[in-house]
Amino acid sequence: MSSILLIVLMVALMYFFMIRPQQKQQKKHQSMMSQLKSGDHVVTIGRLHGVVAEIDQQKRTVTLDCEGVYLVFDLGAIQRVEAQATEAPASAADAEAEAKAEPTAKADVEQPAEPEEAAPAEKATEDK
């Protein structure tokens, strides 16, 4: 009886520590792939970074633009979608306002004391 209980316990542990996390990861990857669109920055399983140019759902392929070189990959080769970079300020006035704000923030930081001029005793020894 105890050996059967031990086997059942081992199977349950294997399910919760190996099978279930893998299924959750597969579902997460599947939802990421369903949300994939042109213009997304992606990384392949070979660590190639590129921008999605075209997705063909019938052939299950994706075309990546890697600095002007277009490469076709299987959809399964996409490992992750990287977060988009933050957008630049919309107007030149916003950019100027940000540039002006930076120096005031730096002024709050204490500046190291500037070296004082040499003491008169040191000047006397320098003249000799």
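In this structure, V51 stands alone, with no Ile, Leu, Val, Met, Phe, Trp or Tyr side-chain heavy atom under 4.5 Å from its own, directly or through other members.
Remark: Q30 CD to S34 OG distance equals 6.5 Å, nearest 0.5 Å. We find the CD-NZ distance between Q22 and K27 to be 12.5 Å, quoted to the nearest 0.5 Å.
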Please output the side-chain donor-acceptor pairs of residues 1-17 that fall under 3.5 Å, not counting sequence neighbours, one pair per line with the distance.
none

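The side chain to side chain contact (heavy atoms under 4.5 Å, CB included) search around M33 returns H29, L36, L75, I78, not counting sequence neighbours. The salt bridge (charged side-chain N to carboxylate O under 4.0 Å, His left out) test applied to R20 returns no partner, not counting sequence neighbours. With sequence neighbours excluded, no residue forms a side-chain hydrogen bond (donor to acceptor under 3.5 Å, both in side chains) with Q23.
Between G50 and C66, the closest heavy-atom pair is CA-SG, 4.0 Å. Here the shortest heavy-atom pairing between M32 and Q79 reads CE-O, 3.5 Å. S38 and A53 get closest at one heavy-atom pair: OG-O, 3.3 Å.
Residue pairs meeting the salt bridge (charged side-chain N to carboxylate O under 4.0 Å, His left out) criterion with at least one member in residues 58-81, sequence neighbours excluded, are R80-E82.
By the criterion of side-chain heavy atoms lying less than 4.5 angstrom apart, applied directly or through intervening Ile, Leu, Val, Met, Phe, Trp or Tyr residues, V62 is not grouped with I45; the two fall into different hydrophobic clusters. V43 and V52 fall into different hydrophobic clusters, where Ile, Leu, Val, Met, Phe, Trp and Tyr are joined by side-chain heavy atoms under 4.5 Å apart, directly or via other members.
With contacts defined as side-chain heavy-atom distances shorter than 4.5 Å, the pair L64/F73 qualifies.
Counting heavy-atom neighbours within 6.0 Å of Q26 CD, excluding the residue itself, gives a total above 12.
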